[in-house]
Amino acid sequence: MLALVDCNNFYVSCERVFDPSLEGRPVIVLSNNDGCAVARSNEAKALGIRMGAPFFQVRDLCNRHGVVVLSSNYELYGDMSRRVTSVLREFAPQLEIYSIDESFLHLGGIEDPTAMAKELNRKVRQWTGIPVSVGIANSKTLAKAANKIAKSKGSGVCQLEPATCTESLSKIPVGDIWGIGRRLRDKLAHLGISTAKDLAQAHPPLIRRIGGVTLERTLRELNGISCIEMEQPQPRKNICSSRSFGHPLTEISDVEEALSNYAITAVQRMRDQGTLAQGIQVFLGTNTFKENAPQYHNSISSSLPEPTDDRFTIVSTALRLLKQIFRSGYSYKKTGLLLLDLVPRHMRQGELFTQSNTESRAQLNRALDELNLQYGRNGVFLASQGIDRKWKMRRNQCTKRWTTSWSEIPTAGI
DNA sequence: TCTGGGGTCCTAGGACCC
DNA sequence: TCTGGGGTCCTAGGACCC
């Protein structure tokens, strides 16, 4: 038996913990650059604001209905997520963090999962301020479905048993099932499969022809046969860092500055997970939404002479690759890079023919890590990262880092 | 004016090996 | 006229997730 715990409207709920006046009001949180609505309170959903809606398309609606509009504050959400997880661990030591607001819990040996889930629900709310919903079943896909039902019921907890859940599945559109996106939904519709129940009762070989082994697994999971195991966290195989610019850029020097910063972010994440990159890919593009403007998109990759986690090598390689694909005369919207084929640090294979000063470089990198730990991110930075930061993303309505910065800690008045 | 960012897995097809 | 059989590795593209 396993449970899926999902935080309700997570980013909005985080904001409400530190500003209770948002309770009961329509609230949305925007993506980077204040671009799209990526979290909505129930009141905002009721107004018809869709997930991922570009903000400029709903701005008037928001003004008319007094919707509170916030920029995303990932430092806050990340920290709140860690707090929620630490409470969950008290209930189920074996857990898989699936995303910033969802975890699967292994419930082996728990006698009354529903009672436990109710207690978990209460405790997370009391200790972190975040409301959660719990779906319980014996496969991940069914637990996801149960979670959806728990959210709609308002009770916050729902358990599905394969033998008795046919009725519930008949009310769930097949496109709402985990693993079924728009394409598969449309393909299935042609076969007359429109609900989760239809899929659960379909002929497996037919389903395999339509959606391969992945979709057949979904079918079996809906019948309570667990095919998707609980996973332990694995180091990432690739790390990507990219951002749209706050304003379009035309000069290579500005793009270089932005790319240097994204490269440093990627290297930091790679160093944190203890891996080395064997290759690097850089990409660059104009704004695809501006159909009348000249468009240019390109990417280029290169393998590194030896696996490395050295800032200087990564940044200089990224900038060299950027020079190769940059064309002047375009208005650029976005750049970024991928660190490819990451391998564990201890599996490093040295270069045969060249003498590299690996050890002194490693020391320098470690010193920079420590300085940045002590003085904050970018306490020390490379000159190529720049100071102007013209490309910086827009974040006009960002709340404070209430839980991770001493200078922004909340104050209470009496 | 204004449209996010970061991932995973699977499959098919090409290039190559003996 | 007729042109083997069995494999690996890599890449691109498609589909999905939050």
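Residue numbers start from 1 in every chain, and the chains themselves are labelled A, B, ... in the order their sequence lines are given, proteins ahead of strands.
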Problem set entry | Proximal nucleotide (of B/dT1, B/dG5, B/dG4) relative to the A/Arg59 side chain | B/dT1

Exercise. Quick check: are there more than 12 heavy atoms from other residues, nucleotides or ligands sitting under 6.0 Å from CZ of A/Arg50?
Worked result: no

Can you pull every protein N or O that's under 3.5 Å from an N or O on nucleotides 7-15 of chain C?
unit_1	atom_1	unit_2	atom_2	d
C/dA15	OP2	A/Arg183	NH1	3.2

Problem set entry | With A/Gln281, the side chain to side chain contact (heavy atoms under 4.5 Å, CB included) member among A/Asn238, A/Ile300, A/Leu338, A/Leu339 | A/Leu338

For this session: Mind listing the closest non-hydrogen atom pair of A/Gln397 and A/Val69 along with its distance?
Result: CB-O, 3.4 Å

Exercise. Could you walk me through whether A/Glu251 and A/Ser253 pass the side chain to side chain donor-acceptor pair (under 3.5 Å) check?
Worked result: CA-CA 5 Å; A/Glu251 300 299 319; A/Ser253 56; 5.1 Å; no

Exercise. Quick one: on DNA chain B, does A/Arg269 or A/Gly52 contact a more 5' nucleotide (nearest heavy atom)?
Worked result: A/Gly52

Seminar exercise, completed: Comparing A/Phe55 with A/Cys240, nearest DNA chain B nucleotide closer to 5' gives the residue A/Phe55

Seminar exercise, completed: Each base of DNA chain B marked ( ) or [ ] if paired in-strand (Watson-Crick or G-U under 3.5 Å), | if paired to another strand and . if unpaired gives ....||||||||||||||

Exercise. Using a cut-off of 4.0 Å on non-hydrogen atoms, how would the nucleic acid contact of A/Ile177 be classed: base, sugar-phosphate, or nothing?
Worked result: sugar-phosphate

For this session: Walk me through it: do A/Arg269 and A/Asp272 pass the test salt bridge (Lys or Arg N to Asp or Glu O under 4.0 Å)?
Result: CA-CA 5 Å; A/Arg269 292 217 296 268; A/Asp272 287 346; over 6 Å; no

Seminar exercise, completed: Within residues 191-218 of chain A, those residues having any heavy atom closer than 4.0 Å to DNA chain B are A/Val213, A/Thr214, A/Arg217

